[in-house]
Every structure is written in C-alpha cells, then in structure tokens.
There are 2 protein chains.
Amino acid sequence: MLTSERKALIQQILRQEGRLVAKEFSQKLGVSEDTIRRDLRELAGEGLLLRVHGGALPASPAVADYESREQVGSSAKARLGQAAARMIQPGQIVFLDGGTTNVQLARHLPHDLKAVVVTHSPSIAVELVRHPLVEVELIGGRLFKHSIVAVGTTSAEAISRIRADLFFMGATGVHPETGVTTGDREEAAIKALIARQSAETIVLATHEKLGAASPYQIMPLADIGTLVTVTGLPGETLRPFKSSGLTLVEV
Amino acid sequence: MLTSERKALIQQILRQEGRLVAKEFSQKLGVSEDTIRRDLRELAGEGLLLRVHGGALPASPAVADYESREQVGSSAKARLGQAAARMIQPGQIVFLDGGTTNVQLARHLPHDLKAVVVTHSPSIAVELVRHPLVEVELIGGRLFKHSIVAVGTTSAEAISRIRADLFFMGATGVHPETGVTTGDREEAAIKALIARQSAETIVLATHEKLGAASPYQIMPLADIGTLVTVTGLPGETLRPFKSSGLTLVEV
DNA sequence: CTTGACTCTGCACGATATCGCACGAAAATG
DNA sequence: CATTTTCGTGCGATATCGTGCAGAGTCAAG
C-alpha cells in the first residue's frame, strides 16, 4: 500500500463515514498507528481534514470553521468593512463577494445609502435585509458550503448578465508574484468572472493575507484597481504593492 | 465516540431542541456525567453555549430562532418542521420555501439524510450549510425583503428549469374558500410556479393560519397534496379541510 | 557493483489528553 | 431548614500524541 493510496483512502472514508479512528484504521490496514497518525497530521496540514484527539473528521465546510474565521481579526475586518462602505456612491451597482469581511461591509453600509447590491452570498443577502434603501439582487447556483457562496454554471450565467460599478472581492491571499488567490478552483473562476463584469475591483485584505498565497489564482495584481488594508504594516510588506500600479488605501 | 464528535453533537442538539440536560444526555451516550459536564464547561468557555444548572442552553439563539421563540407557537413550528423533515426520502429533490417554519424544517433535517434542497430563501441556504450531505441549490433573483426570498423573472426562469419531488410551501392563510393565500402578489406567483414544478406540494400551517385569508391567492385548496398542522384543533375547524380531498396530517 | 542521499515505516519514550471516581461545595427543592 | 441534585476539583488509570531514532527499501550517481 503506497502512502498516497493510504491518504486517498483516508479522505474517501471521511467523505463516506464522516469520521476515522486512528487505532481502528491502523489495524484494518495492518500498519502501525504511527503511520496513520503521520498521514493524518500531514493531511491536516494541507487542510484536507480536521485532526482531533483519537482520529480525524472531515475538514467540514461546517460552520464551526466559518464562525471561527468570523472571529479572526474581527475588529480589523470591521474597520476595513466600514472604510469600504464609504467608498460606495449613491445609485451605484455594487457586487459584494462572500466572506466575513464583506459581511462587515454590508453591516456598515450607511443607512441612507440608496444603491443596488448584487451578491452570490446568502449570508450577505440576509444581512442586507435590514437596509431598506438597498435593493438586493441574489445570484443563484450550487452552494459552495466552505465559503457560503453560490458557484457553478448557473451562477456564471447570471453574473454574465450583470454589469456592476464596483466589485468588493474577498480573497485568501494577496501576493506580489502570484496575485490574488483563493483555495477553490471554481470559486476563483467565479470571482474572475465577476471582476470582468465590473468597472472596478476592490480587494479588502487583513494583514495576514498580504504576502500570502493560496492554490488558485483569481487574477494578477495589476488587474486590481484598489487594495484596502489596515494601517501600521511595515514598509517592506507594502512596497511591492505600491509599485505595482494599484491604489493602496490604508485604514 | 470521539470527544469532538460528542461536542459537535451537543451543539447540534442545542440547535434542534434548544436545551440539553446533562444527566439525560450522559445516559443516552453511555458516558459519565462528569464527561458531559466537562464538555459543557469547555464549550461554554469558548462561548458556544450557555451553561446552566442541570445542563445547557444555546448561547446566541439565531435571529429566526429568537423571533420564533418570542412568538406564540414557536414549539408548534418546531414540531411541524420536525414532522415535515421526516417526510423527505433519501435522494429526493426538495424545494424549501422561505419562512420561519421552513427554517425549523431545515434545522431538523436528519443529519444522515442525503438529498438535494432547492430554495429561493437565503436564510434557508445559510441554515443548510451545517448539513454536509445535503446539496443546496440556491435560486437567485431580486430579494423580497419582507419574506427574505428571491422573486422576479430571474427567479421564475431558474425555477422553471427545476423539477422537484416535494415542495414545502409557506403561506400566511389557508382557507376552505379562498385556498392558500399570501400577502404579496409576486410572491404568490412564484409559489404557484414552484408548486407547478413539483410533484407534490405540502403546506405547513400553525393553527392561526387555518381559516385565515390574505389578499393574494396562490392556489385553490384542492391543488395541495398534504396539509400538515398541529393536533388538538376543534373538529369544526378541520372539517372543511378534511372534506376537500387533501391529506391532512396532525402532529 | 558500490555508495550515499532520501523516503517510508515501526518502535521507544516522555508529554499530553481523556475519563471515571471520590469528595466537599453550591444550588435547587419542598 | 433539611434533603436531594448538581457542580467543581483533585487524582489515578488509560489512551493518544509527538518526536527522535534506527532499519529497510529506492534510486541515481559514480
């Protein structure tokens, strides 16, 4: 049994049964527990499963994950969201991507702002119910549960019929070389499509995303119009972004 | 049973039933009370639940949940939702309408149920993120904020491309003469369309909706397949429904 | 063929986590 | 106030974890 075969089997079992006990599995395969534990550790390192005491669980697109992300740097995200909300002019058509930062944006939209918000995120849509003057256009499609956004051809088709003034994009990595990246291929494609349909693309990035890279590229750095980030970052972190031609906003 | 599984189960039970008794739960799982208490303490430490003497309560009841708790008959809605959830067979394609009762339905879907859920309600979509085996298809369109559902031609077009086995419909009035009614014209039209695309339409109605009528008719009573309502209603209220040919389920 | 670098695996061992039990404190109950 | 239930903590037994290390196998260069 090859290591990669074993790892593939582990993931298959997690998908089918929703859990895996290290001891039990090692006996079933006739290898030592250590080997299994090593596999589990490595897969967990790649984010492909959730390591727990005694075994592993699927890297659930589950809510625990999403909620924990919501709390990471929440004050910074709130600041970013607030600043971004002020960039919207009355009457504009704005596309809001999913993600916790954009939820903050939605939450901080001025109450007297009249605008049209297009989104493929049901979380954003629910958030905007409170804003009486904002008209919400929901993009449908297959729900990608990890990010809680609609993806797939249905979404792509709906998006291609819309032209927006601004697009507030979420991303898991913003890097001078690899550009703007995210963790899912299909999500990356959808984000790129939305950007093509929008006059200007604005990326909100907390400090831990600057200089980070994820597997799938959405677009090169040069295609972003504006990058909004927090103040107080070291000059060497920001220099490559400043020199790449985009507008850098620190809040 | 892994520790983290137990903790996940605790949170699920709190979402579904709104409370958990330590002693009772420990017996159900066959572990000591101490273990459960430890779990509860740790989860409470992370702010994931509210520790109370004898057990635990949900930490931050979700908005829909909170609202339904304040209304009369919240437990009735939960009961209806629970009963409706059991009517779904594995592998079926189910259309879920918006509304608080259907949120309860989504929350009570069996955790091991593999099915496809189609919905034009972003609230339902967000709720279903927790169900790893349920594939969610989101219908897009203009958001009608009062009911938090997507409506309009975009939605209609998307709906017309889908055929579902079951449709769980929400309504504000169910009356022997005026049929099933709701408060918005466009919403009524969308509901009627979904019903046409579905093999069977099931209406969940709490007691205050039976015999009530709203301005816009969705469909006559005869076009409903099943009406699910609570037990203990007077015979004269139910008689006209029983004689109209639909299946009446009391839970 | 030999050698050396590399990977995979299993074992040993100390560190950590989990769990049930015991006991006194605190809270609910009547 | 007395009784009962529940709670929190300390403790020991057991399970699980991570790491260091050594043996076996692979592979390519010499």
Side-chain angles (χ1 to χ4, degrees), chain A residues 1-69 71-72 208 215, chain B residues 1-61 69 74-75 111 130 132:
Chain A
M1 159 94 40
L2 299 171
T3 306
S4 51
E5 286 182 298
R6 211 172 42 232
K7 286 188 180 178
L9 187 58
I10 287 172
Q11 293 183 72
Q12 188 190 337
I13 287 184
L14 281 178
R15 276 195 300 274
Q16 287 177 356
E17 314 196 359
R19 70 179 213 138
L20 185 143
V21 178
K23 184 174 189 171
E24 185 182 295
F25 188 66
S26 69
Q27 288 169 353
K28 196 163 144 193
L29 260 60
V31 297
S32 79
E33 280 184 59
D34 303 66
T35 302
I36 300 303
R37 279 211 301 275
R38 243 183 291 254
D39 291 342
L40 294 182
R41 239 177 298 166
E42 287 166 16
L43 289 169
E46 299 170 39
L48 297 173
L49 54 76
L50 179 66
R51 188 78 174 89
V52 299
H53 197 91
L57 296 173
S60 61
V63 167
D65 194 21
Y66 194 82
E67 280 171 358
S68 69
R69 271 183 283 157
Q71 285 160 13
V72 175
E208 81 273 11
Chain B
M1 161 87 48
L2 301 170
T3 306
S4 47
E5 284 185 298
R6 208 174 45 232
K7 287 187 180 177
L9 187 59
I10 288 172
Q11 293 183 71
Q12 188 193 336
I13 286 183
L14 282 177
R15 277 196 301 274
Q16 291 188 356
E17 317 203 351
R19 69 183 211 124
L20 184 144
V21 179
K23 184 173 189 172
E24 184 183 295
F25 189 66
S26 69
Q27 289 168 352
K28 196 164 144 193
L29 259 59
V31 297
S32 79
E33 279 183 61
D34 303 68
T35 301
I36 300 302
R37 279 210 300 274
R38 241 184 295 254
D39 291 342
L40 294 182
R41 239 177 298 164
E42 287 167 11
L43 289 169
E46 298 169 41
L48 297 172
L49 54 76
L50 181 66
R51 187 78 174 88
V52 296
H53 200 89
L57 295 172
S60 57
R69 205 177 296 261
S74 71
S75 75
H111 210 250
R130 301 172 192 275

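This structure is a prediction, so every number in the text was calculated from the model and none was measured. So you know, we letter chains A, B, ... as the sequences are listed, proteins then strands, and number each from 1.
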**Student:** side-chain contact (heavy atoms from CB on, under 4.5 Å) with A/Glu42: which of A/Arg37, A/Lys7, A/Arg51?
**Tutor:**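 The side-chain contact (heavy atoms from CB on, under 4.5 Å) with A/Glu42 is passed solely by A/Lys7 among A/Arg37, A/Lys7, A/Arg51.
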
**Student:** Could you state the CD-P distance from A/Glu33 to D/dG18, rounded to the nearest angstrom?
**Tutor:**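 So the two atoms are 12 Å apart, to the nearest Å.
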
**Student:** What is the distance, rounded to the nearest whole Å, between atom CD1 of A/Ile36 and atom P of D/dT16?
**Tutor:**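 Checked: the CD1 to P distance equals 14 Å.
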
**Student:** Within this structure, what is the CZ-CG distance for the pair A/Arg6 and A/Leu40, rounded to the nearest 0.5 Å?
**Tutor:**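 Reported to 0.5 Å precision, the distance equals 10.0 Å.
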
**Student:** Is the phosphate of D/dT16, meaning OP1 or OP2, less than 4.0 Å from a side-chain N or O of A/Lys23?
**Tutor:**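 Yes.
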
**Student:** Could you tell me the separation between the CG atom of B/Asp39 and the P atom of D/dG8, rounded to a whole number of Å?
**Tutor:**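 Between P of D/dG8 and CG of B/Asp39: 13 Å.
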
**Student:** Any side-chain N or O of B/Arg41 less than 4.0 Å from the OP1 or OP2 oxygen of D/dT9?
**Tutor:**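 So the side-chain polar atoms of B/Arg41 do come within 4.0 Å of the phosphate oxygens OP1 or OP2 of D/dT9, strictly under.
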
**Student:** Between B/Arg37 and D/dT5, is there a contact of a side-chain N or O with OP1 or OP2 at under 4.0 Å?
**Tutor:**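 Checking B/Arg37 against D/dT5: no side-chain N or O falls below 4.0 Å of OP1 or OP2.
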
**Student:** Whether the side chain of A/Asp34 and the base of D/dC17 hold a donor-acceptor pair under 3.5 Å is what I'd like checked.
**Tutor:**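 Checked by distance alone, the answer is no.
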
**Student:** Please report, rounded to the nearest Å, how far the P atom of C/dG20 is from the CD atom of B/Gln27.
**Tutor:**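 So the two atoms are 13 Å apart, to the nearest Å.
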
**Student:** Rounded to whole angstrom units, what separation is found between the CD atom of B/Glu24 and the P atom of D/dT5?
**Tutor:**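 Going from B/Glu24 (CD) to D/dT5 (P), I get 16 Å.
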
**Student:** Looking at CG of B/Leu29 and CD1 of B/Ile10, how far apart are the two atoms once the value is rounded to the nearest 0.5 Å?
**Tutor:**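 The CD1 atom of B/Ile10 is 8.0 Å from CG of B/Leu29, to the nearest 0.5 Å.
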
**Student:** Less than 4.0 angstrom between a side-chain N/O of A/Thr35 and OP1 or OP2 of C/dT9, yes or no?
**Tutor:**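 Result: no.
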
**Student:** Out of C/dC21, C/dT9, D/dG18, which nucleotide sits closest to the side chain of A/Arg38?
**Tutor:**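 For the A/Arg38 side chain, the nearest candidate turns out to be C/dT9.
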
**Student:** For the pair made of CD in A/Glu5 and C1' in C/dC8, what is the distance, rounded to whole Å?
**Tutor:**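 Taking atom C1' of C/dC8 as the reference, CD of A/Glu5 is at 14 Å.
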
**Student:** Would you kindly give the CZ-to-P distance between B/Phe25 and D/dT6, to the nearest whole Å?
**Tutor:**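 Distance check: B/Phe25 CZ to D/dT6 P gives 16 Å.
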
**Student:** Nearest whole angstrom, please: distance from the P of D/dC17 to the CG of A/Leu20.
**Tutor:**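 Result: 11 Å.
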
**Student:** Out of C/dT18, C/dA28, D/dC17, which has the shortest distance to the side chain of B/His53?
**Tutor:**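 Comparing C/dT18, C/dA28, D/dC17 against the side chain of B/His53, the answer is C/dA28.
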
**Student:** Side-chain N or O of A/Ser32 versus OP1/OP2 of C/dC11: is the shortest distance under 4.0 Å?
**Tutor:**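 False: A/Ser32 side-chain N/O out of range (4.0 Å or more) of C/dC11 OP1/OP2.
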
**Student:** Do you know the tightest heavy-atom contact between A/His53 and B/Leu2?
**Tutor:**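 Taking A/His53 first and B/Leu2 second, the nearest heavy atoms are O-CD2, 3.6 Å.
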
**Student:** If you round to the nearest 0.5 Å, how far is CG of B/Leu9 from CG of B/Leu14?
**Tutor:**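 Separation between the atoms: 9.5 Å.
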
**Student:** Please classify the nucleic acid contact of B/Val21 as base, sugar-phosphate, or nothing, using heavy-atom distances under 4.0 Å.
**Tutor:**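 Touches nothing.
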
